[in-house]
Colleague: 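One structure is given below, represented as structure tokens, and several questions about it will come after.
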Amino acid sequence: MTTSYLSTPAAHQRILSWFAEARRPFPWRDPRTNAWGVLVSEVMSQQTPMTRVEPLWRDWMERWPHPSDLGKEPTAEVVRAWGKLGYPRRALRLRECAQVVAAQYQDTVPRNVETLLSLPGVGSYTARAVACFAYGDNVPVVDTNVRRVVARVEHGKPDQGKPREKADLAEVAALLPEDSATGARFSAALMEFGALVCTARTPRCEECVLSDACAWLAAGKPVWDDDTHGRRPTPQKFTGTDRQVRGLLLDVVREQPGGVKKAVLDMVWPDAIQRERALQSLLADGLMECSAAGLYGLAGELS
DNA sequence: GACGCGTGGTC
DNA sequence: TGACCAAGCGT
């Protein structure tokens, strides 16, 4: 086990000072925002840039200020309100999550990490993010930003490599300041630092408060790691995939609350086999439905 | 553990 | 200009 710089009070102080100055004032960081608001912001932010999330988050909070409000809403309304944030199944899971919170937890988002993990759409990252950011608990919050910062500063690697749930959690837990409130702030700061300074593409090492202690910078910012041959996670393709076709189909029915005939859907993609496969998957996911009259639309608005 | 899952901005 | 990237989750 190598010595950890990020676990030292000096490192904590530097990151926290930087954060106090540079943190972006997102509305879910307002102390008046409750755990429900934090949870919604975290789910919306899964694989989606924060700047795109903010306007949608405001809409949702105004429209559905409590979990029970969202849980009562038809799925079609929820999917439509999701707009073009991407990965619309997240909207369905968030609605399911709201129903569970309303029914089993008195409309209050749980604080306990294990309980949070049992909720639909809430995984290892989101559960700890809610516990930390909403409730101030000093738990490790491990996202791609945090893993990248640790990989560079501590291990001298260019990027985070494949996630290793248990090891990553343990490593980040060992970095946290002992004081609970400080630890919670430090987790938020470390993420923000990865998002704004220690970025994936072009890190801003000139303005980095850790530059004199960074193993990656000291090693000359190598582009790959000699041991792992720099294997990155599988790059995501999009053009020509079912994912693209699903997006095109959903685009149509979002705009047509009354539903459309199949002939209208047939126009969005030339390959009939793939088009049909994408449509069936949307029906199976519960994002779309088909009425008795043969119309296709968002789930829950054709009956 | 690898894969599928949207969308738009950036260089 | 197309490849890369963005606070992951569920199967």
Side-chain angles (χ1 to χ4, degrees), chain A residues 19 23-24 26 28-29 37-57 79 82-94 96-97 116-134 139-149 158-169 172 187-196 198-203 223 231-254 268-269 274 277-278 280-282 284-288:
Chain A
F19 186 54
R23 70 196 287 270
R24 294 168 291 179
F26 291 119
W28 47 85
R29 287 178 171 168
V38 173
L39 174 57
V40 171
S41 80
E42 293 302 338
V43 173
M44 286 183 167
S45 304
Q46 291 165 4
Q47 301 285 276
T48 301
M50 310 294 287
T51 49
R52 204 186 307 171
V53 164
E54 184 165 346
L56 270 293
W57 182 87
V79 172
W82 192 255
K84 307 203 73 170
L85 277 183
Y87 294 137
R89 292 189 298 189
R90 288 183 294 166
L92 296 184
R93 296 199 192 106
L94 191 47
E96 293 171 36
C97 175
L116 285 161
L117 282 170
S118 72
L119 299 171
V122 176
S124 177
Y125 163 75
T126 303
R128 291 177 178 80
V130 169
C132 181
F133 305 150
V139 296
V141 181
V142 182
D143 79 328
T144 186
N145 288 307
V146 169
R147 295 199 307 113
R148 185 175 56 250
V149 172
D159 62 50
Q160 56 273 49
K162 296 173 186 174
R164 285 178 44 253
E165 167 80 2
K166 281 198 68 175
D168 292 339
L169 272 178
V172 174
S187 289
L190 204 55
M191 280 182 59
E192 187 80 334
F193 185 76
L196 296 183
C198 197
T199 57
R201 190 103 59 122
T202 50
V223 286
R231 297 296 292 271
R232 300 181 54 72
T234 314
Q236 51 172 343
K237 296 190 192 318
F238 177 65
T239 306
T241 62
D242 287 7
R243 213 152 85 248
Q244 181 181 23
V245 183
R246 284 167 57 102
L248 293 170
L249 292 170
L250 217 51
D251 254 351
V252 173
V253 296
R254 254 197 303 259
V268 307
W269 193 256
Q274 187 175 26
R277 187 170 64 229
Q280 291 306 320
S281 73
L282 287 167
D285 284 347
L287 282 163
M288 285 179 60

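Per chain, numbering begins at 1; letters A, B, ... match sequence-line order.
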Colleague: Name every residue in residues 139-146 of chain A that has at least one heavy atom under 4.0 Å from any atom of DNA chain C, in order of residue number, or write none if there are no such residues.
Modeller: A:D143, A:T144, A:N145

Colleague: Listed by chain and number, what are the ring-ring contact (aromatic ring centres under 6.0 Å, His included) partners of A:F193, not counting sequence neighbours?
Modeller: A:W18

Colleague: For A:W57, give me all partners under ring-ring contact (aromatic ring centres under 6.0 Å, His included), at least two apart in sequence or on another chain.
Modeller: A:W28

Colleague: Tell me every residue that passes side-chain hydrogen bond (donor to acceptor under 3.5 Å, both in side chains) with A:R254, counting only those two or more places apart in sequence or in another chain.
Modeller: A:D251

Colleague: For C:dA7, does either OP1 or OP2 sit under 4.0 Å from a side-chain N or O belonging to A:R29?
Modeller: no

Colleague: What residues from residues 123-133 of chain A pass a heavy-atom cutoff of under 4.0 Å to DNA chain C?
Modeller: A:G123, A:S124, A:Y125, A:T126

Colleague: Say we look at C:dT1 and C:dC5: how far apart would their C1' atoms be, to the nearest angstrom?
Modeller: 16 Å

Colleague: Between A:Q47 and C:dG8, is there a side-chain N or O to OP1/OP2 distance below 4.0 Å?
Modeller: yes

Colleague: Would you say a side-chain N or O of A:R89 is under 4.0 Å from OP1 or OP2 of C:dT11?
Modeller: no

Colleague: I'd like the C1' distance from B:dG1 over to C:dG8, given in whole Å.
Modeller: 15 Å

Colleague: Report, one pair per line, the protein and nucleotides 9-11 of chain B atoms (nitrogen or oxygen only) whose separation is under 3.5 Å.
Modeller:
none

Colleague: For nucleotides C:dA7 and B:dG4, find the distance between their P atoms and express it as a whole number of Å.
Modeller: 23 Å

